[in-house]
Amino acid sequence: MTHIAILGAGAGGAMTANILRRKLDRREATITLVDKSVEHFYQPSFYLVPFGYLEPEQSRNIRDLVHSDVEFVHDAVTGVDPDDQVVHLEEADEDLTYDYLVVATGHRLAPETTPGMVEGWEETDTVYPFYHYEAALEMREGLEDFDGGTFVVTIPDTPFKCPGAPLKMTMLAEDYARRQGFRDDAEFIMTRNADHHFGVQPYRDKLYEIWDERDIEFKANTSVTEIDPDAQVIHTDNGQIEYDFCAPVSPQYGQQAITDNSPLTEGDDEHEGEYVTIDKHTLQHDEYDTVFALGDCENAPHSKTAAAARKESHVVAENVVREMNGRELEPGYDGYAACPLLTQKGKAMVAEFDYEESISAPVETRSNWILDVNVLPSVYWDLWMRGYDPLPV
């Protein structure tokens with residue numbers, strides 16, 4: 001019987017497991033899903049919880065999300081040997097062997113790689129790296145005491161998941177100050193080591209228009225080198241930024257079990273050794289035919305969002321089945337990604353694009369806000385995570 005192993009129970013891994021379970025009879029294949037955590041978080045809540053737009057309870061036990069015929073192994077992956085088709089685990093007595101492997105291990109948050117970020121988070125009430133769930137919860141309390149001063153969002157030089165999240169944090173914070181009545185006593189700044197704060201047109205120009213109207217400052221081509229939490233100063237290669245409230249995005253890397261203890265990440269010229277190298281359309285590894293990857297851990301040039309993983313999961317599942325049956329793979333992934341850009345309470349626009357072009361119009365509407373805040377969480381838990389999709393690939 002064919003054995004399919006899936007590493008990572010985030011959005012991409014869990015969705016792929018459920019789709020494969022429906023595609024394949026239990027007599028055709030066994031499916032094993034591995035993750036070091038049993039808790040799955042709704043990560044888009046991390047920029048909504050601080051402002052009270054979603055309640056903090058935004059996680060589920062992974063065993064409640066995947067099909068009962070998917071075996072879930074609660075263990076940490078320590079390495080992969082694709083030549084022998086073996087996954088090494090931290091706690092298990094034996095290695096996990098497979099016929100086909102799906103890597104969906106995501107990004108590793110590494111706040112410790114920016115000097116002062118962890119100390120600021122743990123020892124003060126002014127630094128909240130909100131890509132961490134605990135920091136997002138703490139930021140909810142911290143905002144209650146913020147009544148003016150400089151609010152700074154920083155972006156690392158590394159690739160990072162959900163490129164729209166820092167912009168949303170910045171805009172929602174500015175909107176919060178207006179609603180609380182202290183906007184005139186506050187300034188809002190976001191930094192990024194790039195020419196622009198958002199990479200895709202026409203959404204970029206619309207965002208610039210919004211930021212100009214609301215006097216939000218973007219510091220382009222700026223790298224953060226250190227956070228000094230005692231002095232409340234951010235050191236950058238373009239000088240210092242004093243802050244009263246800092247919401248940094250942690251630097252992000254590939255999971256060390258894959259980057260350090262497997263050959264799957266070799267050959268990526270731009271990010272050597274960090275990302276699983278795949279064909280950007282079939283999502284099959286460029287050397288090992290039995291290996292596929294999706295989501296934040298791979299090197300396809302798309303935005304790292306749950307919407308992208310949702311589309312990729314259908315392509316990976318289809319192509320695993322095709323590979324099993326000796327059929328030609330379907331180059332079905334076109335780089336689709338989507339990012340609801342919440343601009344203020346009650347308004348949002350949806351940036352939707354693929355490898356070639358933008359898809360949606362750059363229009364702020366209340367319906368987009370309702371979609372993101374009130375509709376998508378239920379769709380995520382009840383449809384996408386379970387492998388159902390009203391708009392399949």
Side-chain angles (χ1 to χ4, degrees), residues 39 41-59 109 111 114 116-156 160 162 164-191 197 210-211 213-219 224 227-234 241-250 340-348 366 369-370 372-374 376-377:
E39 197 168 17
F41 288 93
Y42 182 62
Q43 294 184 42
S45 71
F46 293 4
Y47 58 81
L48 294 170
V49 165
F51 301 100
Y53 299 144
L54 277 182
E55 292 305 308
E57 294 77 22
Q58 296 296 327
S59 67
L109 300 178
T114 297
M117 186 178 294
V118 173
E119 292 80 1
W121 178 15
E122 294 179 346
E123 299 172 11
T124 75
D125 57 2
T126 58
V127 179
Y128 301 92
F130 65 98
Y131 271 53
H132 303 258
Y133 178 65
E134 297 83 0
L137 294 181
E138 294 163 2
M139 187 176 175
R140 185 175 178 129
E141 297 180 6
L143 280 171
E144 294 177 359
D145 296 325
F146 180 62
D147 58 4
T150 303
F151 187 108
V152 184
V153 176
T154 66
I155 295 177
F160 62 101
C162 193
L167 285 83
K168 289 180 270 193
M169 174 57 71
T170 307
M171 291 185 287
L172 291 178
E174 189 276 340
D175 180 63
Y176 173 83
R178 283 191 290 112
R179 292 178 180 278
Q180 295 297 316
F182 62 86
R183 179 63 181 91
D184 291 343
D185 299 320
E187 61 178 326
F188 295 85
I189 300 170
M190 193 187 85
T191 73
H197 51 22
I210 293 169
W211 286 36
E213 289 176 354
R214 291 163 55 177
D215 194 24
I216 301 173
E217 181 179 359
F218 170 57
K219 290 185 178 293
V224 174
I227 296 174
D228 183 341
D230 294 325
Q232 293 188 198
V233 169
I234 300 165
I241 305 171
E242 296 182 358
Y243 69 86
D244 296 283
F245 200 108
C246 181
V249 177
S250 294
L341 292 163
L342 281 65
T343 56
Q344 59 181 289
K345 184 179 181 180
K347 281 191 176 183
R366 178 169 178 77
W369 172 277
I370 293 171
D372 188 52
V373 177
N374 302 111
L376 279 185

Can you tell me how far [atom2] of [Y] sits from [atom1] of [X], rounded to the nearest 0.5 angstrom?
{"X": "M117", "Y": "C246", "atom1": "CE", "atom2": "SG", "answer": "7.0 Å"}
{"X": "D145", "Y": "F245", "atom1": "CG", "atom2": "CZ", "answer": "9.0 Å"}
{"X": "Y243", "Y": "E187", "atom1": "OH", "atom2": "CD", "answer": "14.5 Å"}
{"X": "I227", "Y": "T126", "atom1": "CD1", "atom2": "OG1", "answer": "9.0 Å"}
{"X": "L167", "Y": "H197", "atom1": "CG", "atom2": "NE2", "answer": "5.5 Å"}

Describe, in one word, how the ring planes of F188 and F151 are oriented to each other, choosing from parallel (under 30°), tilted (30 to 60°) and perpendicular (over 60°).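 Tilted.
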
Do you know which two heavy atoms are closest between [X] and [Y], and how far apart they sit?
{"X": "Y128", "Y": "G142", "value": "OH-CA, 3.5 Å"}
{"X": "G164", "Y": "L341", "value": "CA-CD2, 3.9 Å"}
{"X": "M169", "Y": "A247", "value": "CG-CB, 4.3 Å"}

Qualifying residues under salt bridge (charged side-chain N to carboxylate O under 4.0 Å, His left out), relative to E57, sequence neighbours excluded: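 E57 satisfies salt bridge (charged side-chain N to carboxylate O under 4.0 Å, His left out) with no residue once adjacent residues are dropped.
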
Partners of K219 by salt bridge (charged side-chain N to carboxylate O under 4.0 Å, His left out), sequence neighbours excluded?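 If we apply the salt bridge (charged side-chain N to carboxylate O under 4.0 Å, His left out) test to K219, skipping adjacent residues, the hits are E217.
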
Show me the side-chain donor-acceptor pairs of residues 171-183 shorter than 3.5 Å, one per line, residues at least two apart or across chains.
unit_1	atom_1	unit_2	atom_2	d
E174	OE1	R178	NE	3.2
E174	OE1	R214	NE	2.8
E174	OE1	R214	NH2	2.8
E174	OE2	R178	NE	3.2
E174	OE2	R183	NE	2.7
D175	OD1	R178	NH2	2.9
D175	OD1	R179	NE	3.3
D175	OD2	R179	NE	2.8
D175	OD2	K345	N	3.0
Y176	OH	L143	O	3.0
R179	NH2	K345	O	3.1
R183	NH1	A186	O	2.7
R183	NH2	R214	O	2.9
R183	NH2	D215	O	3.2

Check side-chain hydrogen bond (donor to acceptor under 3.5 Å, both in side chains) between E39 and all other residues, then give those that pass, not counting sequence neighbours.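 If we apply the side-chain hydrogen bond (donor to acceptor under 3.5 Å, both in side chains) test to E39, skipping adjacent residues, the hits are S59.
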
Quiz question: by atom type and distance under 3.5 Å, do the side chains of W121 and E138 form a donor-acceptor pair?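 There is such a pair between these side chains.
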
Qualifying residue for side chain to side chain contact (heavy atoms under 4.5 Å, CB included) with T154, from T114, V249, V224: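 Only match with T154 under side chain to side chain contact (heavy atoms under 4.5 Å, CB included): V224.
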
May I have the list of side-chain donor-acceptor pairs in residues 43-53 shorter than 3.5 Å, sequence neighbours left out?
unit_1	atom_1	unit_2	atom_2	d
Q43	OE1	K161	NZ	2.8
S45	OG	Y42	O	2.7
Y47	OH	K168	NZ	2.9

E122: partners by side chain to side chain contact (heavy atoms under 4.5 Å, CB included), with sequence neighbours left out: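 With neighbours one apart ignored, the set is V118.
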
